[in-house]
Amino acid sequence: MSELTKITLSEQDIPTAWYNIQPDLPSPAPPVLHPGTGQPVGPDDLAPLFPMALIGQEVSQDRFIDIPGAVLDVYRLWRPSPLYRARRLERALGTPARIYYKYEGVSPAGSHKPNTAVAQAYYNAAEGTRRLTTETGAGQWGSALAFGCAQFGIDCEVWMVRVSYDQKPYRRTMMQTWGATVHPSPSDLTSTGRAILAGDPSSSGSLGIAISEAVEAAVGAVDTKYALGSVLNHVLMHQTVIGEEALRQLAMVDETPDLLVGCTGGGSNFGGLSFPFLREKLAGRMSPTIRCVEPAACPSLTRGRYAYDFGDTAGMAPLVKMHTLGHDFVPDPIHSGGLRYHGMAPLVSHLYELGLVEAEAIGQLECFAAALTFARTEGIIPAPEPSHALAATIREANRCKESGEERVILTALCGHGHFDMGAYEAYLAGQLEDFDQPEERIRAALDRLPTVPV
Ligand SMILES: Cc1ncc(COP(=O)(O)O)c(C=O)c1O
């Protein structure tokens, strides 16, 4: 077995194509519906929001899609990303498991999000878009898009969920440094924001509300389109560079994973890591268990309903079939801003229904404890979002300690936590609490799901 700690690829090894899982699915995912008519959407319905190239990728049945040269040129700034063997963590846990983590915090914005932000900015610029609007929770996606837009010379306007806007002022400055304009959401700049503020002037916001604001600002404005940082098929596909690299890196040290774990907000880092492995599994070449980890405060897979719902709070975004807590569900203000989304990617939801991936929910206290154990052994301070995957990894490593099994665990460390010191400070001061959602609150939000004609 290799003695390497850091398994690296050379710049020539950056994948040159994204993997599209759609043609390999045992059955197709249900169609996306128009929010007004409830009928399947066509390209023209989506054209006010997205450039045609991305609309094409959303429904493509091509197994691989070439990555444009201009996107690869930007990827070269940080890709390929390293795969680490977590030797110090293993030793501290006393586990016979072998733990690997794919680290995406080496990107300029500090997370996996630039893998799609750069691609989306490129395709928009190529089709003449002058301005992109978006939402951001933790600030990771907004900063990734700000960086991507700066690379291709387009303006970027970001609605940042109020609770993160207040908790993470330096993420805001980071976006502004790359040239973006940032608003707290809900804002008084859109009719959605004004309506929410009228009902609750101190609303902490949610990703669903911020999406509505960004969509509203894009629709009807000249040369402006909207970019989403997760959930959609093309976004998950852009992230598959993570899994494609990890496949090669594990092969370099002669390892095959028994378990993959990734945190799931909208599903993009999880899909990015796991889909290439799922392809191998479906082809019978390996058989890892693949597990999503979500926050107990926002448990869309483990406690939500698989139903058609709006992607945003105001009901302007298309209807997609997904595991959802209801489009107007506002999760408690946990510190993993990127995991506070009411729904889950349709592809991840579909795979969950098919039994090809599993899911568990973990409270934030266990996640922060895992993050500290990780930081004190491996050195890297994780973002609160991937601390969920680390908590699940540590659970599994402890199970291996009890059973004596030498399982190979692969996880996505999808971002660093350098801008999350407020969260760490609160945890260290004993000020964080776990939020377990009462059943009635989830049921009440699910009662307001839209009815659709299918
Ligand atoms: C570091 C990080 N991890 C994970 C997520 C969750 O998103 P996804 O499930 O699409 O990876 C976010 C979202 O903002 C994030 O910033």
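All residue numbers in this chain count up from 1 along the given sequence. Remember, it's 1-based here, ligands and their atoms both numbered in the order they're listed. This is a predicted model, so every value here is computed, not measured.
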Legend entry - Lys/Arg N to Asp/Glu carboxylate O, R88 vs E378, below 4.0 Å: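 A salt bridge is absent here (no side-chain N lies under 4.0 Å from a carboxylate O).
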
Legend entry - Electrostatic pair E245-R248, nearest N-O below 4.0 angstrom: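 Between R248 and E245 there is no salt bridge, as every charged N stays at least 4.0 Å from the carboxylate O atoms.
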
Sequence-distant partners of [X], salt bridge (charged side-chain N to carboxylate O under 4.0 Å, His left out), two or more places apart:
X: E104; value: R79
X: R340; value: none
X: E425; value: none

Legend entry - Between E358 and T289, a side-chain donor and acceptor under 3.5 Å: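 On atom types as modelled, these side chains do not qualify, holding no pair under 3.5 Å.
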
List, for ligand 1, each N/O atom that has a protein N/O partner under 3.5 Å away, with both atom names and the distance.
{"from": "ligand 1", "atom 1": "7 (O)", "to": "K113", "atom 2": "NZ", "distance (Å)": "3.2"}
{"from": "ligand 1", "atom 1": "9 (O)", "to": "G265", "atom 2": "N", "distance (Å)": "2.7"}
{"from": "ligand 1", "atom 1": "9 (O)", "to": "G266", "atom 2": "N", "distance (Å)": "3.0"}
{"from": "ligand 1", "atom 1": "9 (O)", "to": "G267", "atom 2": "N", "distance (Å)": "2.8"}
{"from": "ligand 1", "atom 1": "9 (O)", "to": "S268", "atom 2": "N", "distance (Å)": "3.4"}
{"from": "ligand 1", "atom 1": "10 (O)", "to": "K113", "atom 2": "NZ", "distance (Å)": "3.3"}
{"from": "ligand 1", "atom 1": "10 (O)", "to": "S230", "atom 2": "OG", "distance (Å)": "2.5"}
{"from": "ligand 1", "atom 1": "10 (O)", "to": "S268", "atom 2": "N", "distance (Å)": "2.9"}
{"from": "ligand 1", "atom 1": "10 (O)", "to": "S268", "atom 2": "OG", "distance (Å)": "2.7"}
{"from": "ligand 1", "atom 1": "11 (O)", "to": "H112", "atom 2": "NE2", "distance (Å)": "3.0"}
{"from": "ligand 1", "atom 1": "11 (O)", "to": "S268", "atom 2": "OG", "distance (Å)": "3.2"}
{"from": "ligand 1", "atom 1": "11 (O)", "to": "N269", "atom 2": "N", "distance (Å)": "2.9"}
{"from": "ligand 1", "atom 1": "11 (O)", "to": "N269", "atom 2": "ND2", "distance (Å)": "2.9"}

